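Note sheet for the following structure.
None of these values were measured; they are calculated from a predicted model. We use all heavy atoms of the structure for the numbers below, so side chains are in, but hydrogens, waters and symmetry mates are not. So you know, we letter chains A, B, ... as the sequences are listed, proteins then strands, and number each from 1.
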Number of protein chains: 2
Amino acid sequence: MKLSQGVEWGLHCAMLLAQVPPGGLMRRDALAGHFGLPEAYLSKHLQAMTRAGVLYANSGPKGGYRLARTPESITTLDVVEAIEGTAAPFICQEIRQRGTGASSPEECRRTCMVSTVMSQADEACRASLRSVTIAELVARLPDSVRTRNAERLPQLAH
Amino acid sequence: MKLSQGVEWGLHCAMLLAQVPPGGLMRRDALAGHFGLPEAYLSKHLQAMTRAGVLYANSGPKGGYRLARTPESITTLDVVEAIEGTAAPFICQEIRQRGTGASSPEECRRTCMVSTVMSQADEACRASLRSVTIAELVARLPDSVRTRNAERLPQLAH
DNA sequence: GTACCGGTACTCGGATATAGTATGTCCGAGTATGCGTGG
DNA sequence: CCACGCATACTCGGACATACTATATCCGAGTACCGGTAC
């Protein structure tokens, strides 16, 4: 059940990219250096976010990453699903239909209660993540951090 | 992020044990046979639930498992935590304090927003699981299943 | 002087090793039973 | 006949292999730039 640490990296990177001036691209090594992360491994997560349509990437000189949409339209759930995958964490194996105490297909027309409860918990978790956007995360950063980024990022981006 | 399949096994076993007549113990092989599960591996999860105080186990002849408490006082969260562990799925590594863009300890007096959001989602998930008890899961089983269990279980338990 | 072309340097993307955890299995510790024995 | 002690069979508990996924890294595909060259 442990959550990948890549989620933390992805969210912080998304927050940082949200603070880059419009039109600016930020290179992979700049992102990695800003947070002290291994660039080679970070690339995997950035790649996943790009595939999921959260980031937009450009190759070649003057290339780099930027958000694919506005920070207001990107939720934390988008980032988590981009990295962890959209598959449900719980997959019912219908063990109620197996073994000596197996239920008949008739009795299984309704979804297994265990599966239902787990799905509800999953949905509650997703709803919580969906309710917060990247823009809101950035807005709640300390003022000093935002101002420092506003000063440093134009130099790192291009 | 994938959830262990042992959770499904544990919940179904807890539901079944809740239907055993009071005072009756159910052996491990009976549980495994009822659901068609590998007995050797199931023992690991039953062991975890016993350690967590969800189940009570008795060794020797006439031994077996029973619920440690009433089905009304055992929540699905209890079972999930017993098997998956109580550790939070997300652990903040404070990458905001690392790298060239590191924030000062002053700016980090407040908890990292990323960590906060993830904790809220985790708490939402737990609250959802906590709101459903084993007794309620059993109550929502099809009548035919409950009656069949009421007939079969006294033979399997002792 | 200008437009075209080729080479070059730089960026991201996917294929490739390694480590840690979930999965699956086995044998040993502990216990109530049942029998044999002695009083 | 009764009580005690011992051997036994049966149960769960934890130590031991294996498979899969997350972690970590590297090199190749693609692109924009820059300089040289021909007109």
Side-chain angles (χ1 to χ4, degrees), chain A residues 1-10 13 17 24-33 35-66 68 80 82-85 87 89-91 93 95 156-158, chain B residues 1-10 13 17 23-33 35-68 80 82-85 87 89-91 93 95 156-158:
Chain A
M1 176 153 174
K2 189 167 68 72
L3 202 60
S4 167
Q5 67 172 6
V7 170
E8 181 178 7
W9 299 7
C13 286
L17 288 174
L25 295 180
M26 196 161 175
R27 288 200 314 271
R28 183 197 290 167
D29 59 349
L31 277 167
F35 293 115
L37 301 176
E39 177 188 348
Y41 185 27
L42 178 63
S43 80
K44 191 154 202 171
H45 298 307
L46 295 175
Q47 187 184 152
M49 286 196 278
T50 303
R51 262 198 301 257
V54 174
L55 299 187
Y56 173 81
N58 213 348
S59 291
K62 303 290 180 183
Y65 295 94
R66 65 169 169 82
V80 171
I83 292 172
E84 292 286 327
F90 181 86
I91 42 171
Q93 299 191 289
I95 67 173
L156 295 174
H158 53 226
Chain B
M1 174 152 174
K2 189 167 68 72
L3 203 61
S4 166
Q5 68 170 5
V7 170
E8 180 178 7
W9 300 6
C13 286
L17 287 174
L25 295 180
M26 196 162 175
R27 289 199 314 269
R28 181 196 293 167
D29 59 349
L31 277 167
F35 293 114
L37 302 176
E39 178 188 348
Y41 186 26
L42 178 63
S43 81
K44 194 156 200 169
H45 299 307
L46 295 175
Q47 188 184 151
M49 287 196 278
T50 303
R51 262 199 300 258
V54 173
L55 299 186
Y56 173 81
N58 213 348
S59 291
K62 303 289 180 183
Y65 294 94
R66 65 170 169 80
L67 294 182
V80 171
I83 292 173
E84 291 287 325
F90 181 86
I91 43 172
Q93 297 191 288
I95 67 174
L156 295 173
H158 54 225

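Of the candidate nucleotides dG14(D), dT23(C), dC26(C), dT23(C) has the atom lying nearest to any side-chain atom of S4(B). Which of dA9(D), dG14(C), dT25(C) sits closest to the side chain of P61(B) comes down to dA9(D). With dT23(C), dC12(C), dC26(C) as the choices, the nucleotide that has an atom nearest any side-chain atom of Y41(B) turns out to be dT23(C). Among the nucleotides dA24(D), dG13(D), dT11(D), the one closest to the side chain of T50(B) is dG13(D). Taking every side-chain heavy atom of Q47(B) into account, dG13(D) is the closest of dA24(D), dG13(D), dG14(C).
For the pair G60(A) and G6(A), both in contact range of DNA chain D, the more 5′-proximal nearest nucleotide belongs to G6(A). For the pair Q5(B) and S59(B), both in contact range of DNA chain C, the more 5′-proximal nearest nucleotide belongs to Q5(B). Closest-nucleotide positions on DNA chain C for K44(A) and G64(A) were compared, and the one nearer the 5' end corresponds to G64(A).
In terms of phosphate contacts, R51(B) brings no side-chain nitrogen or oxygen within less than 4.0 Å of OP1 or OP2 of dG13(D).
Look at OH on Y65(A): it is 12 Å from P on dT11(C), rounded to the nearest Å. We find that CD of E84(A) is positioned 14 Å from P of dT21(D), with the value rounded to whole Å. Rounded to a whole Å, the CG atom of L25(A) is 13 Å from the C1' atom of dT31(D). The CG-C1' distance, from N58(B) to dT33(C), rounds to 13 Å in whole Å. Taking atom CD of E39(A) as the reference point, atom C1' of dC27(D) lies 14 Å away to the nearest angstrom. Following rounding to the nearest Å, L55(B) (CG) and dT11(D) (C1') show an atom-to-atom distance of 15 Å. Rounding to whole angstrom units, CD1 of residue I91(A) and C1' of dA22(C) are separated by 13 Å. Counting to the nearest Å, the C1' atom of dT11(D) and the CG atom of D29(B) are 9 Å from each other.
Of all non-hydrogen atoms in G24(B) and R66(B), the two that sit nearest each other are O-CB, 3.8 Å. Residues F90(A) and L3(B) approach most closely at CD1-CD2, 4.0 Å, considering heavy atoms.
A distance-only check finds no donor-acceptor pair linking the side chain of Q93(B) to the backbone of Q5(A) [under 3.5 Å]. The main-chain N or O of R28(B) is never found under 3.5 Å from a side-chain atom of E39(B) such that the two would form a donor-acceptor pair.
Of the inter-residue distances, the one linking K44(B) atom NZ with M49(B) atom CE reads 14.0 Å to the nearest 0.5 angstrom.
A57(B) comes within 4.0 angstrom of sugar-phosphate atoms only, judged by non-hydrogen atoms across all strands, and of no base.
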